[in-house]
Structures are given as C-alpha cells and as structure tokens.
Amino acid sequence: MKIEDKIETFNSLIKRRGFIWGPSPEIYGGLSGFYSYGPAGMALKNNILSIFRRELRYFGFGEVECPTIMPEIVWKASGHLERFIDPILKCSKCANLLRADKFLQEMFPDRMIDGMSYEKMEQLILDNKISCPKCDTLFGKIEEYNLMLKTQVGAGNTVYMRPETATTTYLLFNRLDQDARKQYPIRVFQYGKAYRNEISPRQHVLRMRAFDQFELQFFISKEQEMQFEDYEDIKDAVLPLLDWKMQDDNLSEPKMTSLHEAISNGTLKKPAFAYCMYLGYYLTKILGFTEDSIRFRQHSPNERAHYADDAWDLEIETNQFGWVEICGIHDRTDYDLKCHGKFANENFEIAMGSDPKNKEIPQILEIAFGPDRIIYTLLETLFEVEEIKTKTKVDQRIVLKLGLELAPNTVAVFPLKKNEERIKTLAKNIHKKLIENRINSFYDEKGAIGKLYRRQDELGTPFCITVDFQSLEDETVTIRYRDSMNQERINIPEISDFLKKKINQ
RNA sequence: GCGCUCUUAGUAUAGUGGUUAGAAUCUCGGGUUUCCAACCCGAGGAGCCGGGUUCGAUCCCCGGAGGGCGCACCA
C-alpha cells in the first residue's frame, strides 16, 4: 500500500485515531463550526495544558476562571457589542451579502463612514441610489449581523456568550489588585471556552464557533513597560520577526532578530511587550514546533483590533492551510480598564510606583493562545510519512513525532507472541507496574509485533517495550524508540526509572 | 450567506432504477509467527436527513444538513 496524499492521510488519521471528530453531533449530520475531541486528542490537549500551567507558574502567573456568560453591559463597555455587530447590506434579489460600512466607505472615500448611524447610512444609500454590485438591484434597509452569541438568563435578561476570555479576566481587576497586594506587574491567565457566531466556519478546528482560549495578561504601569526587569534576562533572545513594513514590501520570510535589536531599531516599542513576545515564543517552542515553522507577523495599523496599540500574530506554517495564527500578542493599553472603570463607575487608578500620589490606570499586555489551533498545527507539522527499509521490502510508516511529554501514551508494552502465556503474563505485569508508577503505559497484544509498533507510531508513542523469550530467562526487555526505530535491552526492574530519566532529559 | 461541487462500513473507496451493495484497509474470534502493517480460517460493519417521481430510489427530481473550492466574512 503506497500512501499517496499526505494531507488526506493526515486528515483521516486525526479521525481514525481519536484525535478530533466532527462537526458534532455527527450522528445528526453535524452543526458547522463545532468539533469534539476523542481520547487521544484530549490526552494531547491535557498534556499541553499541564505544560503551560507548569511553565507559567515558573513565570509567576496565577490562574483564574470566569463565567462564559456575561450580561450585556460588559460587552457594551468592552466595545464588543459595537464592534462585533456588523451592519450588513443584503441584496433582495441575489442574496449577496456586504459589509455596509466598508462598502459605503469604498463608494464614498471622502466621507467619514465610521461611526455613522444606521439611519444616516440608509439615507446615503437612498439618496445616491446605491445598488448591488452583482445584479444592480437597489439596496434597502441595513441589517445587523451579530458575531456574539446571544441568549437569555432568567426572565428575559439578554446575555452574551463571551467572544474572548480576556475581558472576563479584566472584570476581576480590583480583586486581583488586592490579591496581588499591588505588586505590579500582576500576571494572570485564564483558560476556557469562547464563542463566536462565525458566518461560515471553515478550516476544521481553526475557525470554530466554540473554541478554547488560553490568555495571559500583564497588568503593568507605563514606567514598568519601558523599564522591565525581566527583559534584561531575555533581551538577547532571537525571534523570527516579520513587521508590517516588511509585509508592505511583499516579504513573507521573517528575519531572525534579537529583541534588543528590535527595541533599538523601533520595531518594538516597549521592553515589556518584547518580553511578551519572548514568552509566546518560549511556550510555543517548548511544545516542539520546529524553528522554521514559526514566525511573528505584525498587524498593520488598520488590521489591528479596536483595543490594540500593537499586535503580532505568532504563526505556524502548515501544509494544508498555509500560515496559521496560534497566538496573538497585543498591547491593549489601558483601553479595557478605562472602559470598564467608566461603565462600572469604579476607580481603577492605582499607585503602582513608590509615590502613592502618582496614580494611573494599568496598561494591559496580552498573550492569547488558541489551544485548538495549537493542537491542529502541532499534529500537522509533526506528522510524517516515512520510507522504511525492512528485510524484505521498502515500506512506509505514519509517525507523529510528538514530544515525550505530549504523546497520549508515553510507552506501550507488548508480548512478542500473544499465544505464549508466560510472555503475556510478564508483559501485563510490566504494564501494571508502569501504570502503578503513574507512567502513561498502554498494553496491546492484538496483532503481529510490527503492527503493534506501527499503531503506536501513529499515536506518537515515543517508547515501546517488548517482552520476548529472553525476558523469561534474564529479566530484560527490548525498548524500541519511535523516531529511530532502534532497540536496546534494558532490565525489567529499571524500566520506570529509565523512562522517567528519558522524559526529564 | 451566495455560486460551483461533493456526501456509500471506523478510514479511504467501487458500482447499480430491480435477488444478498463489491473489493481494500479496519475491528473481533481462532490458527501460525522468536521484533517492524506477513500469512491462513471464520465473523462484523455502509449509500447524510426529509419529501417527490416510480410497481420499486443508494442511484432521478426538490428541499435541508455537512464537507471542499471561489466570493464575502474572519474584532
């Protein structure tokens, strides 16, 4: 069997081996934009999350969790209600759909459309007899498309599913300020679901309507942004940067740039923001993404979100979908706290320095990961179809080169022969010992030894242990390495320690 | 959301207006096998949903859902 199309093979692998299924619910035909994780996918996700949590502890972050539903006032204050509801023009004849404001801006480049009321836009359309560019039918009323999912709580209270976790974190600000005893910068992150009513979700889990976010926040003073202690430790780090000027020159390859170089030539303005870039890069690299598949792409000023002063996407190059954003690093300034302070009638001005009289609203720097995108891009970039030579033929194998801590199974244990009771019993006992040592071991005996190895290759299991006849004599087994397919013999009582040592290397 | 196109076992597919929808792989049971998807025996599993035309529809028609591509959308 020759494996022809790598992308097809990959797409079927993630279904076949229980990584990602959908659109869910499959037995009812599916709802576009919603996917489920199978056991392997969920194991991978949990492994990623525990690495992130462990590392963020090291970087001084605390974790919070907030409700996914928030009242209307929150989104009015954050600006999402205004920005996430788009005015659209729908052609009554050909059903062509257009963003009303963008379309009108194109028609009337000299007029200020942004901020114009719907009535005024409609008047403009009427006065100038604006018609559908496709079929020339006259446009009528402006309709709304709401990118936020709306529902009701209690007796008709209109509420919204959060379109990002970040805003819900900001609502805890005065609690966090107390909790951290005003030791700025405050570092906190939140992991959880966010919801967006995409018009047409596509590209598998890359654009879902319900998706995970893992968002880190710095609450920081303006002074600290420019004189950031931790920056000194990492300023020599070299990152693949593609700023918007390079993009304007039609470049797509990033330039390896050290952070202090980026700061001194003005590509990056704030050392604290540079530190965020580093942190995003660090967390990405630690998952095993290869260096040449990563780049930071800066948003051009008109691409930026309503709250952002500077924004960079950390992107991964995939076969199927090109460069995919897995993380966004945003300088949100004091925008969010200013808005919420105003709407909630709270005073968020804090004395963050030594002078208690010098109060200011903290700045916010954000590092926002999309775990679903991490999982998809990680699987896709680490997936390989390899040629291998056996004694008799040249064969192929499918292998996921997942990091040792990420693989759903750390080790699999097999009996070389399934109908030899003594070998089977010993293999089962070894598996049991590993499980008791809380090592993620998997026992399998269904199939010839080669098939057992290949099955684990597909799941990314880094180690396989095989019990053979010699094991019965001298208390040793073979351990087979996923990437090299090499084997060596090790002592049975030392397996757990051997694996733990390998993992912590 | 629009246009084009597609939808058959877990996966990837073949074929057909009419007996029991075929092969691969897969899964399970058994045999064989002393290290890389071997082999043998046996078994299991499928035409997206709803309506119409027809004596009869998986196949033709209509509608819906979902996927792919293009447009639009993607703070």
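Predicted model only: the values in this text are computed from it and were never measured. Only heavy atoms go into these numbers, but all of them, side chains included; no hydrogens, no water, no symmetry mates. Just so it is clear: chains get the letters A, B, ... in the order the sequence lines come, proteins before strands, and each one is counted from 1.
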*asked:* Heavy atoms only, 4.0 Å cut-off, all strands: where does A:Arg196 land among base, sugar-phosphate and nothing?
replied: base
*Angle class for the A:Tyr453/A:Phe414 ring planes (parallel below 30°, perpendicular above 60°, tilted otherwise)?*
perpendicular
_Classify A:Lys15 by what it touches in the nucleic acid, base, sugar-phosphate, or nothing, heavy-atom distance under 4.0 Å._
sugar-phosphate
*asked:* Over all strands shown, is A:Thr466 touching base, sugar-phosphate only, or nothing at heavy-atom distances under 4.0 angstrom?
replied: base
*Side-chain donor-acceptor pair under 3.5 Å between A:Thr169 and A:Gln190, yes or no?*
yes
*Classify the angle between the aromatic ring planes of A:Phe214 and A:Phe189 as parallel (below 30°), tilted (30 to 60°) or perpendicular (above 60°).*
parallel
*Distance between the C1' atoms of B:C48 and B:A9, in whole angstroms?*
14 Å
*Return no unless some side-chain N or O of A:Arg455 is found under 4.0 Å from OP1 or OP2 of B:U27.*
yes
_Sugar-phosphate only, base, or nothing, as touched by A:Ser200 at under 4.0 Å among non-hydrogen atoms_ = base
*Do A:Arg480 and B:C35 have a side chain to base donor-acceptor pair shorter than 3.5 Å?*
no
*Using the P atoms only, state how far B:C71 lies from B:G44, rounded to an integer number of Å.*
49 Å
*With nearest nucleotides of RNA chain B determined for A:Ala448 and A:Leu147 from heavy-atom distances, which residue corresponds to the more 5′ nucleotide?*
A:Ala448
*Paired with B:G22 by Watson-Crick or G-U wobble geometry, both distances under 3.5 Å: which nucleotide is it?*
B:U13
*Using purine N1 to pyrimidine N3 plus N6-O4 or O6-N4 for Watson-Crick, or N1-O2 and O6-N3 for G-U wobble, both under 3.5 Å, which nucleotide pairs with B:C73?*
none
*Hey, does the side chain of A:Arg16 come within less than 4.0 Å of B:U11's phosphate (OP1/OP2), counting only N and O?*
no
*Taking any strand in view, what nucleotide pairs with B:G66 in a Watson-Crick or G-U wobble way, both distances under 3.5 Å?*
B:C6
*Donor-acceptor side-chain pairing of A:Asp372 and A:Tyr35 below 3.5 angstrom*: no
*asked:* Ignoring hydrogens and geometry beyond distance, is the side chain of A:Arg83 in donor-acceptor contact with the base of B:A75 at under 3.5 Å?
replied: no
*Just name whichever nucleotide pairs with B:U34, Watson-Crick or G-U, keeping both distances under 3.5 Å, else none.*
none
*So, is A:Lys446 close to the B:G29 phosphate, meaning a side-chain N or O under 4.0 Å from OP1 or OP2?*
yes
*Within the structure, does a side-chain N or O atom of A:Ser32 lie under 4.0 Å from either OP1 or OP2 of B:A65?*
no
_Using Watson-Crick or G-U wobble geometry with both distances under 3.5 Å, which nucleotide pairs with B:G47?_
none
*What integer number of Å spans the P atoms of B:G50 and B:G22?*
23 Å
*Closer to the 5' end of RNA chain B via nearest nucleotide, is it A:Leu31 or A:Gln320?*
A:Leu31
_Whole-angstrom distance between B:G45 and B:A23, as gauged at atom C1'_ = 15 Å
_C1' gap between B:C74 and B:C4, integer Å_ = 22 Å
_Roughly how many Å apart are B:G15 and B:A21, using the C1' atom of each and rounding to a whole number?_
8 Å
*Nearest to the side chain of A:Glu198, which nucleotide is it out of B:U34, B:C35, B:C74?*
B:C74
_What's A:Gln487 touching, base or sugar-phosphate or nothing? Going by heavy atoms closer than 4.0 Å._
base
*Distance-only donor-acceptor test (3.5 Å): side chain A:Arg207, base B:C73*: yes
*asked:* Check for me whether the distance between the ring centres of A:Phe173 and A:Phe219 falls short of 6.0 Å.
replied: yes
*Report the C-alpha separation of A:Leu459 and A:Leu400 in whole Å, then their side-chain angles, then the decisive distance to 0.1 Å, and conclude whether the side-chain contact (heavy atoms from CB on, under 4.5 Å) test is met.*
CA-CA 6 Å; A:Leu459 275 179; A:Leu400 278 180; 5.8 Å; no
*Rounding to the closest angstrom, what is the interatomic distance between B:C59 and B:U16 at atom P?*
14 Å
*Answer yes if the ring centres of A:Phe10 and A:Tyr376 are under 6.0 angstrom apart, and no otherwise.*
yes
*asked:* Regarding B:C49, can its base be found pairing with the side chain of A:Tyr28 as donor and acceptor, where the two atoms are less than 3.5 Å apart?
replied: no
*Look at the side chain of A:Ile398 and decide which nucleotide, out of B:U34, B:A37, B:A12, has an atom nearest to it.*
B:A37
_Under 4.0 Å, counting only non-hydrogen atoms across every strand here, what does A:Glu458 touch: a base, just sugar-phosphate, or nothing?_
base
*asked:* Check this one for me: any side-chain N or O of A:Lys451 less than 4.0 Å away from OP1 or OP2 of B:C26?
replied: yes
*Euclidean distance for C1', B:G30 against B:G67 (whole angstrom)*: 41 Å
*Mind checking A:Asn419 for me? I need base, sugar-phosphate or nothing, with any heavy atom below 4.0 Å counting as a touch.*
base
